Asks: 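I am attaching a structure below and will ask some questions about it afterwards.
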Amino acid sequence: MSAAGTSSNTATLHRFHSAVNSGDPEVISKAIDELVAPDLLFHAPVPMGLTGAEALKRVWEVLLRAFPDIHVAVEETISEGDRIVVRNTVTGTHRGEYQGVPPTGKTVTYSEIFIFRFAGGRIAEVRGVVDVLSLLRQLGAFPS
């Protein structure tokens with residue numbers, strides 16, 4: 001892939017992160033429609049019965065309901081060919097039910113790493129590792 005293609009993919013990913021950090025479900029949904037392939041391959045825990053870009057929309061609906069001030073800080077990126085690896089730190093305040101845990105009002109911080117593959121200028125595949133155990137421990141769902 002050319003440097004221009006890599007630069008374009010990086011710009012697409014930056015637009016995606018800007019949308020999710022807006023906290024606005026409509027902005028996020030529109031960004032997913034524009035930047036993500038409808039048949040997205042999503043290799044991360046997603047709500048059962050959903051696939052593609054719709055699964056990604058549902059993930060963000062759940063996260064925004066639980067953590068309305070959620071913020072994804074991109075700490076590091078590595079680009080090669082049609083892929084970008086991103087290491088993030090996520091913060092938010094637990095204001096709604098999450099994974100069966102009622103709102104605690106606690107602020108959480110957890111890490112995640114995602115590999116994005118691009119095709120035709122859109123995010124075509126996502127593989128993610130999210131430190132959900134750390135998140136649930138901060139909410140008191142598991143002992144530290």
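Excluded from the calculations below are hydrogen atoms, water molecules and symmetry mates; all remaining heavy atoms, backbone and side chain alike, are included. From a predicted model like this one, the values you see are computed outputs, not experimental measurements. We number each residue from 1, following the sequence as shown.
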Asks: Has the side chain of Arg95 got a donor or acceptor atom that lies under 3.5 Å from a matching backbone atom of Ala66?
Replies: no
Asks: So do the side chains of Asn9 and Ser79 get within less than 4.5 Å of each other, counting heavy atoms only?
Replies: no
Asks: Do Phe16 and Val74 belong to the same hydrophobic cluster, where Ile, Leu, Val, Met, Phe, Trp and Tyr are linked whenever their side-chain heavy atoms lie under 4.5 Å apart, directly or via other members?
Replies: yes
Asks: What pairs of residues pass the ring-ring contact (aromatic ring centres under 6.0 Å, His included) test when at least one of them lies in residues 88-109, not counting sequence neighbours?
Replies: Phe67-His94, Phe67-Tyr98
Asks: Check whether any side-chain heavy atom of Ile28 lies under 4.5 Å from a side-chain heavy atom of Leu64, and answer yes or no.
Replies: yes
Asks: Please tabulate, for side-chain N and O atoms in residues 106-118, each donor-acceptor pair with protein atoms closer than 3.5 Å (sequence neighbours left out).
Replies:
from: Glu112; atom 1: OE2; to: Asn88; atom 2: ND2; distance (Å): 3.0
from: Arg117; atom 1: NE; to: Glu125; atom 2: OE1; distance (Å): 2.7
from: Arg117; atom 1: NH2; to: Glu125; atom 2: OE1; distance (Å): 3.3

Asks: Using a 4.5 Å cut-off on heavy atoms from C-beta on, say whether the side chain of His17 contacts that of Val86.
Replies: yes
Asks: Heavy atoms only: give me the nearest Pro103-Gly96 pair and the separation to one decimal.
Replies: CG-CA, 3.7 Å
Asks: Without swapping roles, check the side chain of Glu80 against the backbone of Asp82 for a donor-acceptor pair under 3.5 Å.
Replies: no
Asks: Check residues 29-37 and write down every donor-acceptor pair under 3.5 Å in which the side-chain atom is one partner and the other belongs to a residue at least two apart or another chain.
Replies:
from: Lys30; atom 1: NZ; to: Glu26; atom 2: OE2; distance (Å): 3.2
from: Asp33; atom 1: OD1; to: Lys57; atom 2: NZ; distance (Å): 2.6
from: Asp33; atom 1: OD2; to: Lys57; atom 2: NZ; distance (Å): 3.4
from: Glu34; atom 1: OE1; to: Arg15; atom 2: NH2; distance (Å): 3.3
from: Glu34; atom 1: OE2; to: Arg15; atom 2: NH1; distance (Å): 3.4
from: Glu34; atom 1: OE2; to: Arg15; atom 2: NH2; distance (Å): 2.1

Asks: Indicate yes or no: does Arg58 engage Glu61 in a salt bridge with an N to O separation below 4.0 Å.
Replies: yes
Asks: Please give me the minimum heavy-atom distance between Ala19 and Ser22, naming the atom from each residue.
Replies: O-OG, 2.6 Å
Asks: Would Leu56 end up clustered with Leu41 when hydrophobic side chains under 4.5 Å apart are linked, directly or stepwise?
Replies: no
Asks: Is there a path of hydrophobic side-chain contacts, each under 4.5 Å between heavy atoms of I, L, V, M, F, W or Y residues, that connects Val129 with Leu40?
Replies: no
